[in-house]
Amino acid sequence: MADDLSGAAEAALALRSSSVHLARFAQESGVVDLDLRQASPEVARAAVRAVAGGSAPLFLKIDSLLRGNVAAMVRGIRDVRDGLVVCTPALPVAGRTTVRGRVVFAGAPPGPGEHRPDTVAEALGDLPMSFVDLHAVRSAALPEFLAQIARAGEIAVCDAETDADLDLLAAAARPFPGVAAVGSAGLAAAFGRQVPPASGSVRDPGPAPVLVVVGSAEPSARRQVELLAADGVPVVEVDPETLDDVTVDLTGGRAVLTVRPGPVDPARARALTAHLATTVQKLPPGVRLALTGGETARRVLEALGVTRLDLLGQVHPGAVHSRTDTGIEVVTRPGSHGGQDSLLAITRHLRQTPAPGGPVSSTLPVIAVTMGDGAGIGPEVIVGALADPVVYERCRPVVIGDARRLREAAALLGLAVEVVPVDSPAEARFERGRIDVVDLGLLPADLPWGKLSPVAGEAAYQYVRVASELAVAGAVQAICTAPLNKEALHAAGHLYPGHTELLAALTGTEEVSMMLSTPKVKVIHVTTHIGLIDAIARIEPGLVERTVRRGYEAMRGSGVAAPVIGVCAINPHAGENGLFGAGEEAEKIEPALEKLRADGIDARGPLPADTAFFLAGRGDYDLIVAMYHDQGHGPVKVLGIEAGVNITVGLPVIRTSVDHGTAFDIAGTGTAEVGSMIEALRQAAELAPVSVS
């Protein structure tokens, strides 16, 4: 159940339910929109109590920003259930995590609006609770921790930074009798990944006009509307004060109905939403709808006599495509979700009408996923990641590798996915449950798992070569690499220290940088795969300056408008005014920082490395510049290796990678962790340019 319609649709899709019911007190299995965002706490508690009884697993979808009647709804659960209740609002796909019970945003938090609690404890009020930190979430003892909390009659408030953390929570909580989970669509998706996918509904492929209804005047919504207007879509505005009648013209196939810019009196918000619904009600039948905001979506669909949504798919995270029980195709989306091109992607999706279970949105970037060393865990983490339908909500992946080896990996993992060879990305179908692979067929059938092999090293090189050629030609928008083994690569005659240098050579790039990215800290390296003495000799002001600039541009490209950059020193204590070292900071780093600051780049330092990473871990810096390999890698692997991603900065194409090796010791056992590959694909999709085909 959920407290608003867009949230209910998100949760239903994540939980692989087939429909959403709009009746507030419906006593049905499946997903119910209780329509409680604007209700009083007393009404919210009673509504939840009416449907929360029984012993079947229960999921309460709450807002990831903790808005609404969170405490009252959880009280409603507690009125009729005494089993385990787990709670986390974390939504990693939207850059929202939960750390020490606090909602943390990647980049700037959403704009001003209704009151949002800063912590889960504030949202739950005086309900008894116990906190489960990240260490406990990632511990093998998590089920016992949850059992202790359940026996104490408390709510388990759990931290989570990544989808992998949410998967651990779902796996630990699901076996508890009568478990109730309270969280965002991210937690719902984690529970949904534990059950097999359902087949989609049949859609009408014919064209139809599309109306976008935006019931918000917030700046982010306005920017999305402006992008639609720039694409030639007429925009009709309603004055929130006068609520004058307006006419919507759909002769061009698309239109936007929205609110005139300016402040909206909260007391008139419900009347404004009702007016928008009445306007839509006057349109002729056959119009497809894109509805932003749960309140707006609910009122419009009620005006049209809708009582149920049958789910068809998802355009992007949060934007759920459904067909109503009255035959209308509709995409619902929370008002705060999606990038600037969200509404543009939704309208194009509704106009193009791809078949359900078939190709995903053609606005998503195509990503070449190289298989890495076939004797390592690369095939397993690729198959495990691409079996997750969430990946196809972010990108269109095509593997460059060996189809037979991927099928072997799928069998090891017990996954019923179809591995289909294609000649090029243009032939890929990008369907959930299907893995498209440009099959180079370079591995022998008897290649052992976990053994060094020059044949596998040669194949790994060829996968990267083909992917780089596709990227340079524009056939893919990004590359995501599974790990290769450097010794095997060298045994095959390709003397590169790793992916970073190999891709630089293949693309004709003179200088690139390695950036490691985790939810907690991002690090770019001035030097990487060379000895420490050689690294110190190589560091000079020009290299430091160029490295910082590459990191600065990468951070801006990922949405950080004014990155704050901490630059590490070379020596302990930053040289302690000449007590340690030979003045390397003054000679090699400070001249670069002076030039960068003169150009308006907020680069601070040189900083003692231990201080820099401590400050970055608490959020003071957006990016840390490490002078050499282990100075950056050590802290990153302590702070977030499970979700670590390696990004090559400075290439003419986007490239991300998992932040782990080939793991020969566990290759072929089906136990490799796929979270880093999922995160690498997410970041590749986030950084890649939008593709419209």
Side-chain angles (χ1 to χ4, degrees), residues 1-4 6-8 10-11 33-49 52 58-81 84-106 109-134 136-137 146 149-150 152-161 165-166 169 173 179-188 190-191 266 293-295 318 334-337:
M1 53 191 170
D3 66 345
D4 77 339
S6 59
E10 272 191 286
D33 169 29
L34 297 178
D35 189 25
L36 300 175
R37 186 64 62 84
Q38 306 299 327
S40 68
E42 295 76 18
V43 169
R45 182 175 182 175
V48 170
R49 185 170 58 236
L58 174 73
F59 191 91
L60 171 62
K61 186 337 190 137
I62 61 171
D63 181 50
S64 62
L65 301 178
L66 297 173
R67 295 172 296 189
N69 289 296
V70 177
M73 292 188 295
V74 176
R75 289 184 193 280
I77 294 174
R78 276 299 192 210
D79 288 343
V80 292
R81 290 187 181 225
L84 174 67
V85 178
V86 294
C87 176
T88 177
L91 186 60
V93 70
R96 299 168 189 172
T97 60
T98 308
V99 180
R100 294 184 290 277
R102 181 177 298 276
V103 177
V104 179
F105 303 95
E114 59 195 283
H115 172 69
R116 295 191 296 264
D118 290 327
T119 65
V120 180
E122 182 184 348
L124 291 177
D126 59 358
L127 283 163
M129 65 193 81
S130 185
F131 292 92
V132 183
D133 63 16
L134 283 173
V137 167
L146 296 180
I149 294 170
E154 297 174 332
I155 297 160
V157 176
C158 303
D159 285 354
E161 287 187 333
D165 294 333
L166 296 176
L169 283 172
V179 62
V182 179
S184 71
L187 185 59
F191 277 89
E295 179 77 8
S336 60
H337 276 46

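Start at 1 with the first residue, then count along the sequence. Any value given below was found using the heavy atoms of this structure, including those in side chains, with hydrogens, waters and symmetry copies removed.
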Looking at every non-hydrogen atom in both residues, tell me the closest pair between Ala72 and Pro41 and how far apart they are. CB-O, 3.4 Å

At their closest point, which heavy atom of Ser184 faces which heavy atom of Ser64, and how far apart are they? CB-CB, 4.0 Å

Does any part of the side chain of Met1, heavy atoms only, come nearer than 4.5 Å to the side chain of Leu58, both counted from C-beta? yes

Taken in chain and number order and not counting sequence neighbours, the residues that satisfy salt bridge (Lys or Arg N to Asp or Glu O under 4.0 Å) with Asp79 are Arg45, Arg49

Residues which pass side chain to side chain contact (heavy atoms under 4.5 Å, CB included) with Ala150, listed by chain and number, not counting sequence neighbours: Leu84

CD1/Ile62 to CG/Leu91 distance, rounded to the nearest 0.5 angstrom? 11.0 Å

CG-CD1 distance between Leu60 and Ile77, expressed to the nearest 0.5 angstrom: 4.5 Å

Do Val99 and Glu161 have side chains that get closer than 4.5 Å, going by heavy atoms? yes

Among Thr97, Thr98, Asp159, which residue meets the side chain to side chain contact (heavy atoms under 4.5 Å, CB included) test with Leu134? Asp159

So do Asp3 and Leu34 actually touch side chain to side chain, heavy atoms under 4.5 Å? no

To the nearest 0.5 Å, how far apart are NZ in Lys61 and CD in Glu10? 5.0 Å

Could you tell me if the side chain of Leu169 sits less than 4.5 Å from the side chain of Val86, heavy atoms only? no

Should Asp4 and Glu295 be marked as a side-chain contact (heavy atoms from CB on, under 4.5 Å) after you check the CA-CA gap, both sets of side-chain angles, and the distance that decides it? CA-CA 7 Å; Asp4 77 339; Glu295 179 77 8; over 6 Å; no

Any donor-acceptor pair under 3.5 Å linking the side chain of Asn69 with the backbone of Ala39? yes

Just grab all the side chain to side chain donor-acceptor pair (under 3.5 Å) pairs involving residues 124-133, residues at least two apart or on different chains. Arg75-Asp126

So Val85 and Val182, do their side chains get closer than 4.5 Å, heavy atoms only? yes

Taking every non-hydrogen atom, the tightest pair across Val120 and Cys87: CG1-SG, 3.9 Å

Val70 vs Leu124 side-chain heavy atoms within contact, under 4.5 Å: yes

Where is the tightest heavy-atom contact between Asp63 and Pro89, given as atom of each residue plus distance? O-CB, 4.3 Å

Nearest non-hydrogen partners of Ala156 and Val132, listed with the distance: CB-CG2, 4.3 Å

Identify the two heavy atoms, one from Pro117 and one from Leu66, that lie closest to each other, and give their separation to 0.1 Å. CD-O, 3.2 Å

